[in-house]
Number of protein chains: 2
Amino acid sequence: MRTVTIADVAKHAGVAVSTVSYVLSGKRAISATTRQRVLDSVRALGYHPNAGARALASKRAKVIALVLPLRAGMNLPVLMRFATSVVTTARQYDHDVLLMTADEGPDGLHRVAASALVDGLLLMDVEIHDPRVPLLRKLAQPSVLIGFPADPHGLTCVDLDFARAGTLCADHLAGLGHREIALLGAPRVVYERGTGFAERTLAGFVEGALRHGLEADARPCEESFDEVHATVKLLLDERPRLSGLVVHNEAAAGHVLGALRILGRRVPEDVSVVAICPDDIAERASPALTSVLIPAEDVGRQAVRLLMAKLEGQAVPESTLLEPRLTIRESSR
Amino acid sequence: MRTVTIADVAKHAGVAVSTVSYVLSGKRAISATTRQRVLDSVRALGYHPNAGARALASKRAKVIALVLPLRAGMNLPVLMRFATSVVTTARQYDHDVLLMTADEGPDGLHRVAASALVDGLLLMDVEIHDPRVPLLRKLAQPSVLIGFPADPHGLTCVDLDFARAGTLCADHLAGLGHREIALLGAPRVVYERGTGFAERTLAGFVEGALRHGLEADARPCEESFDEVHATVKLLLDERPRLSGLVVHNEAAAGHVLGALRILGRRVPEDVSVVAICPDDIAERASPALTSVLIPAEDVGRQAVRLLMAKLEGQAVPESTLLEPRLTIRESSR
DNA sequence: CCTTCGCGTCGAAGCGCTTCGATGACCTGC
DNA sequence: GCAGGTCATCGAAGCGCTTCGACGCGAAGG
């Protein structure tokens with residue numbers, strides 16, 4: 001039971017190999033009758049083009065690389081959601097996805113690119129001074145980044161508009177009449193790493209609070225319950241009249257509610273809480289959290305679309321910021 | 001700046017193309033001096049073999065498929081950890097990983113296999129009556145399954161020994177002197193899906209409890225705080241002297257502690273809690289949970305090893321059960 | 001009626017690599 | 001001193017596909 005090749009199909013259909021190829025690729029006109037005959041043979045023999053041969057001859061592997069980070073502080077569920085959406089979208093464009101971890105570093109990217117294993121790259125969680133960025137500029141293959149390096153010039157970057165997300169939270173709380181609010185942020189290491197999104201959220205939050213004339217505070221925070229409890233307590237001790245809390249730390253969101261309960265503050269009666277986190281986390285919490293979602297699915301879909309456009313040789317914007325949306329649930333009033 | 005081919009290397013080193021190939025593959029003896037000359041040229045020119053050409057000529061793509069599920073009830077962080085360990089291990093064997101989602105179904109597997117895109121497949125979360133299993137038996141490529149279908153004959157399956165995990169929990173609680181214990185399980189849908197692992201845990205738990213002559217109870221449980229709270233309350237109402245709780249539901253583990261707190265039971269003074277969950281979840285909880293870990297990393301590594309062995313034509317065991325380990329933390333005494 | 005032009009199809013030349021059989025060069029042992 | 005055997009290297013034949021130029025044929029145009 002040898003594997004079926006295009007030559008087998010050609011013989012079965014009584015046409016030339018090239019004709020089969022053209023039927024399958026649609027790159028030249030083929031009469032309806034011939035096309036049908038070929039298609040029938042393809043089905044009858046169960047033909048599947050050999051990926052290697054196709055890649056060799058056409059210089060297109062129909063595979064894109066997805067490079068995921070796996071460092072501390074990354075939210076795994078979101079990453080997974082993102083990956084899923086990338087795979088699903090890529091399949092819609094008839095491409096497959098090669099999964100890579102960031103710890104292979106620039107060399108890993110160079111390897112898959114130089115060996116023509118992939119036609120394009122998708123990098124998640126790009127840092128401000130990312131050592132992979134200079135390499136990407138040299139590569140023959142196009143790439144799309146999730147996140148923004150210091151100089152995005154000549155690159156294609158996608159991200160949630162975190163500054164807007166921060167502002168949106170401040171706006172929401174201000175609109176509800178709160179006068180003293182605070183941001184409970186990501187673990188300190190995230191800020192230090194300079195990934196950018198944490199700072200941008202903070203900046204947007206502060207800007208929004210200022211614009212509304214609110215008293216605003218902000219703290220990084222680790223993810224353990226004890227740390228969250230301590231930070232919330234600190235915030236509350238320093239500002240007894242604090243009545244609005246923005247949480248930009250998915251892992252901590254649930255703990256914040258627990259801590260407030262223990263500290264004798266009711267949510268939302270005493271303190272309104274707004275989270276910047278995926279919807280499922282917000283919904284699972286009790287009370288359900290008013291939240292600005294991180295639309296992992298949208299980001300993935302958009303990133304793949306941009307990459308596919310680049311593969312087609314189309315021009316695409318350097319920067320794509322996804323508009324955040326605030327969903328009001330039970331934790332704010 | 002054309003891409004460098006093996007012919008360029010051969011010319012640069014003053015040898016035949018085949019000699020370069022043999023140097024790189026090590027499949028024939030090459031003199032030390034020639035080898036060095038070739039290696040120098042490779043480096044000087046920055047040569048990387050073209051993956052498509054290599055795959056075509058050698059019939060080995062050096063890529064394996066990783067098929068991940070994305071259904072309700074799956075724990076995303078564990079999935080991600082698993083994927084990471086698969087990628088890392090595969091790289092050690094000089095292979096890359098093609099990421100697929102289970103929703104492409106049997107057709108998707110058939111596609112990547114028939115097109116020789118991959119040399120082998122790794123399927124996560126196999127169900128008792130998995131529609132993909134009959135296909136796997138027909139494929140030219142070897143595969144390894146995480147989980148067990150009804151008839152594992154002729155396949156290669158890896159999993160945590162969930163029955164042992166359940167028993168281990170019962171043993172631990174019995175050893176601490178508890179007489180009435182209960183298992184708080186996965187969401188009902190997980191049992192209904194017949195994935196097997198939930199039942200096996202339950203069976204192991206019951207068996208262990210019986211052997212020690214304990215009173216034992218068990219309930220499936222959804223993941224929301226409210227549901228967990230309700231289930232814990234029910235358990236406690238029915239058995240006021242319940243003093244040991246096994247939680248086999250990662251998402252609920254944290255909520256269980258919260259519920260017990262609200263219900264006025266101290267952990268571990270009044271109730272000992274043992275979880276079957278990844279270490280990080282157990283450690284993050286407060287108090288830290290005594291737990292049997294789901295060793296996602298081990299499973300991934302082991303699965304890749306088995307697949308690589310099969311690719312080399314070696315015989316491997318049909319069934320590999322990974323021994324669970326119980327880590328004692330603060331939540332049991 | 002003959003030229004011209006598309007349209008549909010074919011044949012062949014690669015794409016860059018692996019692998020097989022062949023070829024020398026050199027050594028060994030009788 | 002020569003048959004036999006190694007060892008290192010080479011050349012060439014594919015692997016299965018895409019793509020380019022060529023070609024035959026019927027329709028349209030002069």
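Every chain is numbered from 1 and lettered A, B, ... according to where its sequence line falls, protein lines coming before strand lines.
With sequence neighbours left out, the salt bridge (charged side-chain N to carboxylate O under 4.0 Å, His left out) criterion links D119(B) to no other residue. Under the salt bridge (charged side-chain N to carboxylate O under 4.0 Å, His left out) criterion, R301(A) pairs with D298(A), not counting sequence neighbours. For D159(B), the salt bridge (charged side-chain N to carboxylate O under 4.0 Å, His left out) criterion is met by R200(B), not counting sequence neighbours. Partners of E104(B) under the salt bridge (charged side-chain N to carboxylate O under 4.0 Å, His left out) rule, at least two apart in sequence or in another chain, are R91(A), R111(B).
Protein atom CG of L24(A) is 13 Å distant from nucleotide atom C1' of dG16(D), rounded to whole Å. Taking atom NZ of residue K62(A) and atom C1' of nucleotide dG16(D), one finds them 17 Å apart after rounding to whole Å. Nucleotide dT9(D) holds its P atom 15 Å from the CD1 atom of I6(B), rounded to whole Å. The distance from atom CG of N50(A) to atom C1' of dT18(D) is 13 Å, rounded to the nearest whole Å. One can place CG of L117(B) at 14 Å from C1' of dC17(D), the figure rounded to the nearest angstrom. Atom CG of D8(A) and atom C1' of dC17(D) are 13 Å apart (whole Å). At whole-Å resolution of the value, CD1 in I30(B) and C1' in dT6(D) are 14 Å apart. Note: CZ (R60(B)) to C1' (dT19(C)) measures 15 Å, nearest angstrom.
Summarising the geometry of V86(B) relative to G300(B), their closest heavy-atom pair is CG2-CA, 3.8 Å, with the distance given to 0.1 Å. When all heavy atoms of V126(A) and L123(A) are compared, the pair lying nearest together is CG2-O, 3.9 Å.
Two end axes, each from the C1' atoms of five base pairs, can be drawn for the helix from dC1(C)-dG30(D) to dC30(C)-dG1(D); they diverge by 40°, to 10 degrees.
Pairs passing the salt bridge (Lys or Arg N to Asp or Glu O under 4.0 Å) check and including a residue from residues 10-35 of chain A, sequence neighbours excluded, do not occur. Here ring pair (Phe, Tyr, Trp, His ring centres under 6.0 Å) pairs that include residues 79-106 of chain B, with residues two or more places apart or in two chains, number zero. For residues 81-90 of chain B, the side chain to side chain donor-acceptor pair (under 3.5 Å) pairs, not counting sequence neighbours, are R81(B)-D280(B).
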Any protein N or O atoms within reach of nucleotides 11-15 of chain C? Criterion: under 3.5 Å, listing atom names and distances.
{"unit_1": "dG11(C)", "atom_1": "N7", "unit_2": "S18(A)", "atom_2": "OG", "d": "3.4"}
{"unit_1": "dG11(C)", "atom_1": "O6", "unit_2": "S18(A)", "atom_2": "OG", "d": "3.1"}
{"unit_1": "dC15(C)", "atom_1": "O3'", "unit_2": "K59(A)", "atom_2": "NZ", "d": "3.4"}

What protein N or O atoms touch nucleotides 23-27 of chain C N or O atoms at under 3.5 angstrom, if any, and at what distances?
none

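For R28(A) and dG6(C), a side-chain-to-base donor-acceptor distance below 3.5 Å is absent, hydrogens and geometry of angles not being considered.
The residue among T19(B) and G52(A) whose nearest nucleotide of DNA chain D is located toward the 5' end is T19(B).
Using a 4.0 Å heavy-atom distance criterion, S31(B) is classed as a sugar-phosphate-only contact.
Using a 4.0 Å cut-off between charged side-chain N and carboxylate O, D94(A) and K62(A) make a salt bridge.
Closest to the Y47(B) side chain, of the nucleotides dC17(C), dC17(D), dT18(C), is dC17(C). Nearest nucleotide to the A29(B) side chain, out of dT9(D), dC17(D), dA8(D): dA8(D).
Checking the phosphate oxygens (OP1, OP2) of dT18(D), no side-chain nitrogen or oxygen of K27(A) falls inside 4.0 Å.
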Would you give me the side-chain donor-acceptor pairs under 3.5 Å for residues 41-51 of chain B, sequence neighbours excluded?
{"unit_1": "S41(B)", "atom_1": "OG", "unit_2": "H12(B)", "atom_2": "ND1", "d": "2.7"}
{"unit_1": "S41(B)", "atom_1": "OG", "unit_2": "R37(B)", "atom_2": "O", "d": "3.2"}
{"unit_1": "N50(B)", "atom_1": "OD1", "unit_2": "G52(B)", "atom_2": "N", "d": "2.8"}
{"unit_1": "N50(B)", "atom_1": "OD1", "unit_2": "A53(B)", "atom_2": "N", "d": "2.8"}

Under 3.5 Å, which donor-acceptor pairs do the side chains of residues 302-311 of chain B form with other protein atoms, sequence neighbours left out?
{"unit_1": "K310(B)", "atom_1": "NZ", "unit_2": "S143(B)", "atom_2": "O", "d": "3.0"}
{"unit_1": "K310(B)", "atom_1": "NZ", "unit_2": "T156(B)", "atom_2": "OG1", "d": "2.7"}

